[in-house]
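Here's the structure, in structure tokens; my notes come after.
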Amino acid sequence: MAQKPSIPKGTRDFSPQEMAKRNYIFDTIKQVYQLFGFSQIETPAMENLSTLMGKYGEEGDKLLFKILNSGDFLKKTNRDELAQVESSKISTKISEKGLRYDLTVPFARYVVQHRNDIQFPFKRYQIQSVWRADRPQKGRYREFFQCDADVIGSNSLMNEVELLQIIDRVFTALNIKVTIKINNRKILAGIADSIGHPERLIDITVAMDKIDKIGPEAVYTEMRAKGISDDAINMLEPFMNLQGNSTNQKLNCLREFVGDSAIGNQGMLEVEEILERLKTFKLNNEVELDLTLARGLSYYTGAIIEVVANDVKMGSICGGGRYDDLTGIFGLKDVSGVGISFGADRIYDVLNELDIFPKSSIKGTQVFIPNFGKEEEKEALKILEELRNNGIAAELFPSNAKMKKQMTYANHNNIPFVIMAGSTEIESGLLTLKNMETGEQASKSLNEIIEMIA
RNA sequence: GUGGUUGUAGCUCAGUUGGUUAGAGCACUGGAUUGUGGUUCCAGGGGUCGGGGGUUCAAAUCCCCUCAUCCACCCCA
């Protein structure tokens, strides 16, 4: 048993059937991205650690997979440091690269590096795997695919609106009912401002975010533990009970509250404009202003977006937001970007749980031809060629195995039609077509068969 | 990082208060059926019971350690 091979925790193999389903998701997303004028790029699986560190907050840094330097990496450390046994101190000496944690930061790096070749605003999409050293559980993997679309080099809120439309279209195409939650970091900053804790923005919002799960009292307790004063907590109370109110009610409450905070006001105006512009379009899913939506990634500065499936219990299946200064860290100032990311693996799990993968998404070989031997094979190859020329996916068994074995192969691979081309068929000129679902057989010419299946 | 769950055949799992040679279904191989799969019947191959240690005349079963796994929290896609 100890000899059994395995793969690292949180990673997965994908069987042919699973790949067909996954490709259906990727293709759907790709199609919508292209429809909105985004073009594709790819970046390496690994980045320099200096590119990745410090971009995702304290939690994020811990979850980075680091790659050990090649060669005798311990040479560069000195004995005193090693003796301290503090991995955080020596890790920078023995590891200079890491696996990418998301696609947004590598993209920001890409933009800075290729700024001379890019015509702004730059609309790119990217579908690649990312790695996080999290503990796996339901809907959470250590290696998973993100499908990102970002617009960089444009402040216009039209980008936010378009991204929301993309989200709506993708989930409509996939037949998943979702709630699109939006908020704005500037509103959260305004709230933190107004209660006199501008520096505790993240702590406050992360705690508020949990109100649905743990209730108001527990939220207050957590805030007190983080050093938020009772006065400030009291001021926050009206927000705790907004859940479920209409967007207008939320905005009204907010207007009173952050009216004298410049940044809060700005955020409110942005949200209002986005919602106003969205009215032009008929969306199939609800867009909800969720003032407790925070998102931990530290680079967001404006709009933030999160999508949850209505009918399945699962973490967010899509998220995103605006980041004003991500490229600034790499030396390109004043370039604002906004993007979204679909979690393909969670979407897969949702589709599976709801059992709504369309049958057409898992279509494989249409026609199977058993191999009857050297002589018959020649004829079969001609038929095969003709079928393929007509766009019909077809295959011939590579060797003259037993009929039972060959039929089992066709059955196992869900191939709907089998064409028998043995000596009797070759003599008569008519082929035997077997429908594997009904078991019926009929003599037909190749042309008739092609017409029927194509 | 914190808390819990479960480890028995390729897969899903039975296995009584510790007691002969550890079982079933599915899958696989062969046959009934040498040109017909999915249904049926017959036969067969497959296991250091996660690993190590302990208690006992005797351990899959009890105890300790360890590894793995899944789930929840945290965080997120």
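These figures come from a predicted structure and were not determined experimentally. Letters A, B, ... are given to chains in the order of the sequence lines, protein chains preceding strands, and every chain is numbered from 1.
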* Using whole Å, report how far CE of Met436(A) lies from C1' of G37(B). => 4 Å
* **Below 4.0 Å: OP1/OP2 of G31(B) and any side-chain N or O of Lys402(A)** => yes
* To do: Give me the ring orientation class for Phe26(A) and Phe145(A): parallel if the planes are under 30° apart, tilted from 30 to 60°, perpendicular past 60°.
  => tilted
* Any N/O donor-acceptor pair, Glu425(A) side-chain to G35(B) base, under 3.5 Å -> yes
* salt bridge (charged side-chain N to carboxylate O under 4.0 Å, His left out) between Glu286(A) and Lys181(A): does it pass, once the steps are laid out? -> CA-CA 8 Å; Glu286(A) 195 195 344; Lys181(A) 299 182 188 175; over 6 Å; no
* **Whole-Å C1' distance, G46(B) and G25(B)** => 16 Å
* To do: For nucleotides C73(B) and U5(B), find the distance between their C1' atoms and express it as a whole number of Å.
  => 15 Å
* With respect to the side chain of Met407(A), which nucleotide from U36(B), G35(B), C75(B) is positioned closest? -> U36(B)
* To do: Using whole Å, report how far CD1 of Ile369(A) lies from P of G37(B).
  => 19 Å
* What is the distance from CD1 of Ile7(A) to P of C70(B), rounded to the nearest Å? -> 10 Å
* Asked: Which base sits across from A60(B) as a Watson-Crick or G-U pair, both distances under 3.5 Å?
  -> none
* Asked: From the list U29(B), C75(B), A32(B), which nucleotide is the closest neighbour of the side chain of Lys404(A)?
  -> A32(B)
* Quick one: sort the Phe122(A) and Phe107(A) rings into parallel, tilted or perpendicular, breaks at 30° and 60°. => tilted
* Asked: P atom, C70(B) versus G7(B): distance in rounded Å?
  -> 15 Å
* Considering only atom C1', compute the distance from A59(B) to U17(B) and round it to an integer number of Å. => 14 Å
* Could you check whether Gly319(A) gets within reach of a base, just the sugar-phosphate, or nothing at all, counting any heavy atom under 4.0 Å? => sugar-phosphate
* To do: Kindly indicate whether the side chain of Thr408(A) and the base of G38(B) share any N or O donor-acceptor pair separated by less than 3.5 Å?
  => no
* Mapping Asp345(A) and Ser423(A) onto RNA chain B by nearest heavy atom, which one lands closer to the 5' end? -> Ser423(A)
* When we call it a touch if two heavy atoms are under 4.0 Å apart, what does Phe342(A) touch: a base, just sugar-phosphate, or nothing? -> nothing
* Between U21(B) and A58(B), how far apart are the C1' atoms? Round to whole Å, please. => 16 Å
* Both distances under 3.5 Å, Watson-Crick or G-U wobble: report the partner of G25(B), or none. => C11(B)
* Provide, to the nearest angstrom, the distance between the OH atom belonging to Tyr141(A) and the C1' atom belonging to C75(B). => 17 Å
* **Whole-angstrom distance between G45(B) and U29(B), as gauged at atom C1'** => 7 Å
* To the nearest Å, give me how far apart CD (Glu59(A)) and C1' (G1(B)) are. => 8 Å
* Does any donor atom in the side chain of Glu440(A) or Asn435(A) lie under 3.5 Å from an acceptor atom in the other side chain? -> no
* Asked: Is there a Watson-Crick or G-U wobble partner for G1(B) with both distances under 3.5 Å, and which nucleotide is it?
  -> C73(B)
* Asked: Hey, does Cys318(A) reach any base, or is it just sugar-phosphate, or nothing, if we go heavy atoms under 4.0 Å?
  -> sugar-phosphate
* Rounded to whole angstrom units, what separation is found between the CG atom of Leu431(A) and the P atom of U36(B)? -> 18 Å
* To do: Using only heavy-atom distances, decide whether a donor-acceptor pair under 3.5 angstrom links the side-chain of Asn411(A) to the base of G37(B).
  => yes
* To do: Indicate whether any N or O donor in one side chain lies under 3.5 Å from an N or O acceptor in the other, for Tyr56(A) and Asp61(A).
  => no
* To do: Could you pick out which residue, Thr438(A) or Phe372(A), lies toward the 5' side of RNA chain B when each is mapped onto its nearest nucleotide?
  => Phe372(A)
* **Quiz item: Gln406(A) side-chain donor-acceptor pair to U36(B) base, under 3.5 Å** => no
* Asked: Do Arg140(A) and C75(B) have a side chain to base donor-acceptor pair shorter than 3.5 Å?
  -> yes
* Asked: Does Lys9(A) put a side-chain nitrogen or oxygen below 4.0 Å from OP1 or OP2 of U69(B)?
  -> yes
* **Pair Arg109(A)-Gln113(A), side-chain donor/acceptor within less than 3.5 Å** => yes
* Has Gln137(A) got a side-chain N or O lying under 4.0 Å from the OP1 or OP2 atom of A72(B)? -> yes
* For U61(B) versus C28(B), give the span between their C1' atoms, rounded off to a whole number of Å. => 31 Å
* To do: Please state how far atom NZ in Lys62(A) lies from atom C1' in C75(B), giving the value in whole angstrom units.
  => 10 Å
* Expressed in angstrom and rounded to an integer, what is the separation of Phe368(A) atom CZ from G35(B) atom P? -> 15 Å
* Any side-chain donor-acceptor pair under 3.5 Å between Thr432(A) and Glu425(A)? -> yes
* Asked: Using a cut-off of 4.0 Å on non-hydrogen atoms, how would the nucleic acid contact of Glu306(A) be classed: base, sugar-phosphate, or nothing?
  -> nothing
* To do: Assert yes or no for the condition that the ring centre distance of Phe65(A) to Tyr101(A) is strictly below 6.0 Å.
  => no
* Ignoring hydrogens and angles, does a donor from either the side chain of Arg135(A) or the base of U69(B) sit under 3.5 Å from an acceptor on the other? -> no
* Span that lies between the C1' atom of U48(B) and that of C41(B), in whole angstrom -> 35 Å
* How is Gly139(A) classified with respect to the nucleic acid when contacts are heavy atoms under 4.0 Å: base, sugar-phosphate, or nothing? -> base
